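Below is one structure, written out as structure tokens, with a few remarks after it.
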Amino acid sequence: MQTPTYPAVGHAVLAAGLRLPTNGLDYTILGIYFAVVLGIGFAARRSVKTSLDFFLSGRSLPAWITGLAFISANLAATEILGMAANSAQYGAYTVHWYWIGAIPAMVFLGLVMMPFYYGSKVRSVPEFLLLRFDKSAHLLSSVLFAFAAILIAGVNLYALAIVVEALLGWPQWVAIVVAGFFVLAYITLGGLSSAIYNEVLQFFVILAALIPITVLGLKKAGGWGGLTDKLSAIHGHDFTTAWGGTGIGHANPLGANWLTIVLGLGFVLSFGYWTTNFAEVQRALSAKNLSAAQRTPLIAAYPKVFIVFLVMIPGLVAAALVPKIGTPGSGLQYNDAIPYLMQELLPNGVLGIAVTGLLAAFMAGMAANVSSFNTVFTNDIWAKYAVKHREDLYYVRFGRLITAIGVLASIGTAFLASSFSNIMSYLQTLFSFFNVPMFVVFIVGMFWKRASAKSGFWGLLAGTVTAMVNYFVIYKNGIIRIPSDQGANFVSAIAGFVAGAVVMVVVSLFTAPKPQESLQGLVYGTRSPGMAEPPAAGDDAWYRKPALLGWGAVVLAAACYIPFSI
């Protein structure tokens with residue numbers, strides 16, 4: 001996920017002196033990539049004939065396409081740089097954000113929640129709340145999501161500008177405008193199809209950037225054995241283990257124990273992000289049938305198991321090669337881990353691929369938020385409450401217009417983000433505020449028929465307010481001592497989840513439940529016609545069985561923990 005926990009990052013995200021020795025070959029590779037991006041946009045435009053085509057690719061894409069887009073939309077450069085920084089600062093604890101903080105929730109989304117989303121034929125996550133609860137819950141969730149999507153897209157743009165300025169020497173405003181223009185061009189041309197096919201391309205470009213850095217970095221550090229020996233000598237044995245020092249009452253740099261990791265990160269924050277964040281769910285909703293929609297997050301879970309190595313190992317290598325990284329004396333911040341290794345290890349040509357990979361990652365993260373923003377704003381706000389019952393092509397044209405407005409707003413919030421002294425901390429709090437309360441509303445509504453129409457709005461409001469109060473009042477004012485922002489986010493997420501659930505139960509007990517017939521296909525144990533899809537001939541292959549595919553990813557992730565737990 002755009003994982004909601006990174007180390008603190010100041011205004012100057014990268015240290016001075018990291019300018020890369022790029023040449024004409026590197027810029028040629030970058031130019032070819034931008035040309036291909038626009039070419040995909042023009043090619044996808046031919047398939048856009050209806051609003052369903054523009055916003056959900058006509059629900060026509062195969063599972064392997066939507067699965068790779070699902071993981072690429074999450075693999076933003078704020079995650080790549082942030083998780084490498086996380087590893088340089090905290091060590092192997094980073095695996096928790098993938099194997100506990102992502103994969104179980106992705107499996108749950110595919111096996112449990114996608115039949116409700118896809119079977120109900122909704123076009124967005126907030127629209128599901130309209131069917132299950134009422135207009136007040138729907139409108140509140142739509143506004144909160146649209147607002148958060150623009151803020152997150154702006155943070156991606158601003159972080160991109162800082163990286164490009166430090167590495168290539170481009171002025172920040174040039175990087176912001178150029179990247180914003182290309183995202184605007186290919187989404188406006190081809191809608192979600194253009195975004196998804198570009199995200200598939202970006203996935204492989206990102207891998208092509210990270211793999212050389214990881215391999216050459218390991219070689220430079222003396223292999224895995226040499227790396228762990230150096231880190232253990234500098235930081236102690238716990239630095240290269242996943243669970244060392246996480247006992248309750250034990251101090252560790254992460255500021256969290258195993259209970260808050262499992263409950264705060266592994267359940268509340270993780271499930272809140274992966275199951276309700278429409279920037280991710282939209283990719284699954286564009287799949288050609290229910291089976292493909294279910295397989296989308298399950299297919300994505302497999303690369304998620306291994307991607308952690310491509311972002312964690314560079315951070316560990318940087319910590320080994322620059323023992324004082326993150327301290328004033330080193331001249332490097334934790335966030336410099338990957339740019340430092342790019343500068344030190346990569347020859348020209350490969351350097352161009354790495355720079356292109358970083359730009360691709362930023363653009364993937366921004367495009368995911370912009371494409372989900374235009375869908376929610378058009379379908380859930382404009383078409384539901386402002387201009388109703390117009391012809392379909394009107395909403396396609398409006399979708400293109402609001403995409404342009406969304407990109408311009410993102411450029412504005414990118415410049416706004418430059419005024420914050422800690423943009424990554426600002427980014428991580430958004431998820432605990434907005435995704436967790438939405439998750440509790442979904443989970444209670446899906447599994448409890450008695451949850452009333454009014455309970456959705458009040459549960460969402462209570463969860464959001466409680467998470468904010470815990471973070472800004474209780475934690476920031478020191479009323480309860482929490483060792484770090486990471487730990488505070490875990491606690492805020494748990495508090496928001498509990499408050500939202502309690503309020504939903506209380507409100508439901510004092511208000512009338514929805515009629516049983518209106519809950520078909522929306523509550524666990526009921527079935528709608530859209531969910532009664534029989535398997536097609538030949539669908540008995542192992543990779544078409546969601547349960548086997550999903551739990552296989554969980555088992556694989558669990559097995560990967562063994563080397564980091566001893």
Side-chain angles (χ1 to χ4, degrees), residues 41-61 116-150 153 180 183-197 278-279 281-288 293 367-412 438 453 456-457 518 521-522 528-530:
F42 280 105
R45 181 182 177 88
R46 295 196 299 268
S47 65
V48 177
K49 297 180 176 62
T50 68
S51 61
L52 187 65
D53 295 332
F54 187 79
F55 295 115
L56 286 179
S57 301
R59 295 187 189 269
S60 62
L61 300 180
F116 294 97
Y117 284 141
Y118 199 91
S120 61
K121 298 301 180 186
V122 296
R123 293 192 176 195
S124 69
V125 169
E127 189 177 354
F128 185 89
L129 294 184
L130 175 63
L131 298 179
R132 177 59 185 89
F133 295 103
D134 60 9
K135 287 184 177 181
S136 58
H138 171 251
L139 182 58
L140 178 60
S141 64
S142 299
V143 171
L144 289 176
F145 177 82
F147 181 68
I150 292 300
V183 171
L184 170 63
Y186 71 73
I187 294 180
T188 303
L189 286 169
L192 184 62
S193 293
S194 179
I196 284 179
Y197 281 111
F278 185 51
V281 175
Q282 186 180 29
R283 274 75 194 142
L285 288 178
S286 67
K288 63 183 179 179
N369 282 286
V370 169
S371 61
S372 58
F373 164 79
N374 68 22
T375 302
V376 168
F377 195 94
T378 302
N379 292 322
D380 294 288
I381 297 176
W382 193 257
K384 289 286 195 304
Y385 302 102
V387 179
K388 305 177 183 179
H389 311 305
R390 292 290 298 271
E391 68 278 8
D392 191 66
L393 287 179
Y394 167 83
Y395 295 110
V396 175
R397 292 192 299 270
F398 183 82
R400 288 195 165 105
L401 173 63
I402 202 63
T403 300
I405 294 173
V407 170
L408 292 176
S410 298
I411 291 174
M438 194 174 294
F457 171 83
S518 68
L522 303 175
S528 69

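Because the structure is predicted, anything quoted here is derived from the model rather than measured. Atom set for the values below is all heavy atoms of this structure, side chains included, hydrogens, waters and symmetry mates excluded.
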Under 3.5 Å: donor-acceptor pair, side chain of Q282, backbone of A368: no

Approximate separation, where rounding is to 0.5 Å, of S47 OG and F54 CZ: 11.0 Å

side-chain hydrogen bond (donor to acceptor under 3.5 Å, both in side chains) partners for S141, two or more places apart: none

For atom CZ of F42, decide whether the heavy atoms of other residues, nucleotides or ligands shown that lie under 6.0 angstrom number more than 12. no

Measuring only between side-chain heavy atoms, which start at C-beta, is Y117 closer than 4.5 Å to V281? yes

Electrostatic pair E127:K121 at N-O distance under 4.0 angstrom: no

Here the pair of heavy atoms bringing I196 nearest to L61 is CD1-CD1, 3.6 Å

Going by heavy atoms in the side chains, are L130 and K135 under 4.5 Å from each other? yes

On the 0 to 90° scale, with breaks at 30° and 60°, tag the F128-F116 ring pair as parallel, tilted or perpendicular. perpendicular

Closest non-hydrogen atom pair between L285 and Y118, with its separation: O-CE1, 3.7 Å

Answer yes or no: is there a donor N or O on one side and an acceptor on the other, between the side chain of D392 and the main chain of Y395, under 3.5 Å? no

Should the pair F377 and F373 be assigned to parallel (<30°), tilted (30 to 60°) or perpendicular (>60°) ring geometry? tilted

Exactly one candidate in Y385, F145, F457, F133 meets ring-ring contact (aromatic ring centres under 6.0 Å, His included) with H138; the answer is Y385

Could you check S286, S57, S60, S371 and say which one makes a side-chain hydrogen bond (donor to acceptor under 3.5 Å, both in side chains) with S193? S57

Minimum heavy-atom distance between A279 and N369, given as atom pair plus value: CB-OD1, 4.3 Å

May I have the step-by-step check of side-chain contact (heavy atoms from CB on, under 4.5 Å) for S124 and N379, ending in yes or no? CA-CA 8 Å; S124 69; N379 292 322; 5.6 Å; no

Would you give the length of the straight line joining atom CG of L144 to atom CG of L139, rounded to the nearest 0.5 angstrom? 9.5 Å

Distance-only polar pair, side chains of S51 and R123, donor-acceptor under 3.5 Å: yes

G406 and I150 have their tightest heavy-atom pair at O-CD1, 3.5 Å

Would you check if D380 and F278 make a side-chain contact, meaning some heavy-atom pair closer than 4.5 Å? no

Of the non-hydrogen atoms in S410 and V370, which two are nearest, and what is the gap between them? OG-CG2, 4.2 Å

CD1/I402 to CH2/W382 distance, rounded to the nearest 0.5 angstrom? 7.5 Å

Check L192 against L56 and note the closest heavy-atom contact, atom names and distance. CD2-CA, 3.6 Å

With side-chain contact (heavy atoms from CB on, under 4.5 Å) as the criterion, how do T50 and V396 come out once you've worked through the C-alpha distance, each side chain's angles and the decisive distance to 0.1 Å? CA-CA 7 Å; T50 68; V396 175; 5.6 Å; no

